[in-house]
Every structure is written in structure tokens, then in C-alpha cells.
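Okay, so here's the structure we're looking at.
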Amino acid sequence: MTTRTVDATQELAAFLRSRRERLDPRDFGLPPRRQARRTPGLRREEVAELAGVSIDYVVRLEQARGLRPSADVVEALARALRLAPDERAYLFDLTQQRPRVADRPATTAAPPLARLVTDLSPLPAMLMNHRFDILAWNGEMAGLLLDFDTLPPSQRNAMWLCLMHPEIREFYVDRERVVREGIAHLRTAWAAHPQDQALTDLITEFITHDEEFARSWAEQDVKVQGRGRKAMRHPGIGAVSVHFEVLMPLHDTDQRLMICRAADDESQAALDRLCTR
């Protein structure tokens, strides 16, 4: 595969097109047109009318011709395209119109949070940054996934492990959903941290070397996945399902604390066996 890079202007254009094309004109009460629609969704002129901007402006945005819309225009476009809250936040990030926190990307765990991860035992827990770099973990999380100490720091990344690590690739029962949700979450992080070259390089690596990632990235899905359920095939304890919750500390806003707990009685018994191994 040839090397590709991610560019905010091109991504904005693709995102606006994808969201326009998924809309059903009938939901907007638009008058019928004499000319049949050749493509799905709303026409550019219809989006322009709904957003109160010129047709040429929408065309130039969708052609990635270097425009930087104001916050008011971004808000109008979000309303016109009926964006979900995560999608609206992503659009504001792409256009660099959302106020940004001055935090630099975290590369090491804040000591109080590292202690908290340990204290959360026997619940599996780990600490990550916005790139999904794994900064700290407790023994239960290492037992549930793998011994992170055996990995070089460059591979201690939850998305890298899911895509590239031979054991973790086969670990999740619904791997396709897990990967898609991770990519949708990673896209929001990339838009919120446009100056993070390490994150851009990581995404470029995934696009270049993993066809599954490249296909999902091109679909423009945006979703912050703060809680959910994952079913796993553990080589030592068998089938196990967990509920996970991701929390963001107020004092260290680039760090995310993930806590897992058993999703059912059978999974609790499996996790109990894991703790006694």
C-alpha cells in the first residue's frame, strides 16, 4: 500500500460530504424537485439554504479549498446536517473553533493516578492518554489482556495491539465492532489535538499498513466511547465479558482511566480464577 497522510482540510471536506449524503430530503420537508436526484442525501444548495450560507461556500468547503469557517458558520452547518453531539464536537475540532485545553499530551502517568490504578484491584484498570498509549495498569488488567511489561513502549498502545498484536487480534469476540469503535474514538482525539504529530504519524502508520483501519477511517465515523461491553476469548480462563467505564480526571485531562468489571456471573467467576492464578 502507498503511504497516505491525514489532512484536516481534506478530512473536513470528506466529513461534510458524508454527512450531507446520509440525510433524507423527506425528513426536512423540502419541496420535490423536477430533476431526479443522482446522488443520495441533500443537495449542496439545500444544505446552503438550511445553514444560511452561499452555495459556493459549501462547494468550496467540500472541495477542500482552504476555507476556515467561523464558529457561527460551523454551528449553522452542524444544525443543517443534524449532527449528533460527538459529530458536532468533531466538526468544531476540525475547523479549530472549539476552545482548547492547554495540556500537553501525557506521556507518563500522573503519580496519584498510577496509585489509583493499583488501588482499584481486583478490578482490572489501566490509564491511557488521548492516543490510546497505555501509561499504567494493574496486575488484573495485565492478566486479562497481556503483560505490558514485555512490550516495548512504542507498542503499548491499545489500538496498535488490537490491530497488530497476533494474540490480541483474535482476542475479542466482536473484533470488527471493537476496531470500528476505537477508530471512531481515535478520530475525535485527532481532531481535538491537531498539533500532535505523534498521533498523526500513528494514524498514518495504521492507514498505510492496515487495510481494515484504512477502510474504517474513510467512513468518517465519529464517536466517543466512554462505556460499553466487550466479550473476550481468554486463553487461560475461557469466555469472559466485561463492562468498561472510561473516566477523565479534572487535574490531568489528557489521561483516561479505564475500569472493567464482570458483565455476568460466569464472567465474574472467570475473573476470580484469573486473580488466583
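Side-chain atoms are counted along with the backbone in the values below, which use heavy atoms only and exclude waters and symmetry mates.
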Sidechain-backbone polar pair: Asp221 side chain, Glu181 backbone, donor-acceptor under 3.5 Å: no
Heavy-atom pair with the smallest gap, counting every atom of Ser121 and Glu140: OG-OE1, 2.7 Å
Separation between CD1 of Ile203 and CE of Met159, rounded to the nearest 0.5 Å: 9.0 Å
Straight-line distance of Leu61 CG to Arg17 CZ, nearest 0.5 Å: 11.0 Å
Pair Asp272, Gln268: side-chain N/O donor-acceptor within cut-off below 3.5 Å: yes
4.5 Å side-chain heavy-atom contact, Arg177 and Tyr172: no
Euclidean distance, Arg256 CZ relative to Leu127 CG, rounded to 0.5 Å: 10.0 Å
Same apolar cluster: Tyr90 and Leu83, side chain cutoff 4.5 Å: yes
Distance-minimising heavy-atom pair for Val222 and Arg19: N-NH2, 4.1 Å
Pairwise distance CG(Asp252) to CG(Asp254) - rounded to 0.5 angstrom: 9.0 Å
Main-chain N/O of Gly143 paired to His234 side chain as donor or acceptor, under 3.5 Å: yes
Contact check, side chains of Phe171 and Pro235, non-hydrogen atoms, under 4.5 Å: yes
Derivation of the side chain to side chain contact (heavy atoms under 4.5 Å, CB included) call for Arg233 and Val173: CA-CA 7 Å; Arg233 306 182 192 93; Val173 174; 3.9 Å; yes
Connected via hydrophobic side-chain network under 4.5 Å: Leu113 and Val246: no
Salt-bridge criterion met for Asp56 and Arg60 (N-O under 4.0 Å): yes
Verdict with supporting geometry, Val179 and Phe213, side chain to side chain contact (heavy atoms under 4.5 Å, CB included): CA-CA 8 Å; Val179 170; Phe213 185 96; 5.6 Å; no
Heavy-atom check, side chain of Ile134 versus side chain of Leu161, under 4.5 Å: yes
Between Asp133 and Asn157, a side-chain donor and acceptor under 3.5 Å: yes
Gln220 side chain near Arg187 side chain, heavy-atom distance below 4.5 Å: yes
His185 and Phe132: CA distance, side-chain angles, deciding distance, ring-ring contact (aromatic ring centres under 6.0 Å, His included) verdict: CA-CA 10 Å; His185 194 136; Phe132 288 139; 5.4 Å; yes
Shared hydrophobic cluster, Leu120 / Met258 (ILVMFWY, side-chain heavy atoms < 4.5 Å): no
Side chain to side chain contact (heavy atoms under 4.5 Å, CB included) assessment of Met126 paired with Met128: CA-CA 7 Å; Met126 66 180 177; Met128 297 178 289; 3.8 Å; yes
Whether Thr253 side chain and Leu250 backbone form a donor-acceptor pair below 3.5 Å: no
Donor-acceptor contact below 3.5 Å, side chain Arg175 vs main chain Cys162: yes
Validation: residues 71-79 side-chain donor-acceptor distances under 3.5 Å, sequence neighbours left out:
residue, atom, partner, partner atom, Å
Glu75, OE1, Arg88, NE, 3.0
Glu75, OE1, Arg88, NH2, 2.5

Heavy-atom side-chain contact between Ser241 and Met232 under 4.5 Å: no
Student check: side-chain heavy atoms of Leu81 and Glu87 closer than 4.5 Å: no
Shortest non-hydrogen separation from Leu16 to Leu91 and the atoms involved: CD2-CD1, 4.0 Å
Donor + acceptor pair across side chains of Asp93, His193 (<3.5 Å): no
Hphob cluster co-occupancy, Leu135 + Ile259, side-chain heavy atoms under 4.5 angstrom: no
Trp137 side chain reached by Asp149 side chain, heavy atoms, under 4.5 Å: yes
Stepwise side chain to side chain donor-acceptor pair (under 3.5 Å) check, Gln197 with Asp201: CA-CA 6 Å; Gln197 189 59 46; Asp201 292 344; 2.8 Å; yes
Derivation and outcome, side chain to side chain donor-acceptor pair (under 3.5 Å), residues Glu11 and Trp217: CA-CA 10 Å; Glu11 290 292 332; Trp217 182 266; 3.2 Å; yes
Considering all heavy atoms, the nearest Ala214-Ile207 contact: CB-O, 3.6 Å
Minimum side-chain heavy-atom gap Phe148-Gln155 below 4.5 Å: no
Side-chain donor or acceptor of Gln225 paired with backbone N/O of Arg227 under 3.5 Å: yes
Approximate separation, where rounding is to 0.5 Å, of Leu199 CG and Gln195 CD: 11.5 Å
Nearest heavy atoms of Ala8 and Leu94, plus distance in Å: O-CD2, 4.2 Å
Residues Phe206, Met164; criterion side chain to side chain contact (heavy atoms under 4.5 Å, CB included); working and verdict: CA-CA 9 Å; Phe206 291 155; Met164 307 294 186; 3.9 Å; yes
Gln255 side-chain N/O to Ala110 backbone N/O, donor-acceptor pair under 3.5 Å: yes
Backbone of Ala262 reached by a side-chain donor or acceptor of Ser267 within 3.5 Å: no
Nearest heavy-atom neighbours spanning Asn138 and Leu123: ND2-O, 2.9 Å
Main-chain N/O of Gln96 paired with Arg68 side-chain donor or acceptor, under 3.5 Å: yes
Electrostatic pair Arg44-Glu62, nearest N-O below 4.0 angstrom: yes
Side-chain donor/acceptor of Arg169 to backbone N/O of Leu163, under 3.5 Å: yes
Under 3.5 Å: donor-acceptor pair, side chain of Arg156, backbone of Leu151: yes
Within one Ile-Leu-Val-Met-Phe-Trp-Tyr cluster: Leu247 and Val117, side-chain cutoff 4.5 Å: yes
Arg82 to Phe28, cation-pi by 6.0 Å centre distance and 45° axis angle: yes
With sequence neighbours excluded, residues passing side-chain contact (heavy atoms from CB on, under 4.5 Å) with Ser216: Arg180, Ile183
Salt bridge (charged side-chain N to carboxylate O under 4.0 Å, His left out) between Arg229 and Asp264, worked out: CA-CA 11 Å; Arg229 176 173 175 152; Asp264 49 53; 3.4 Å; yes
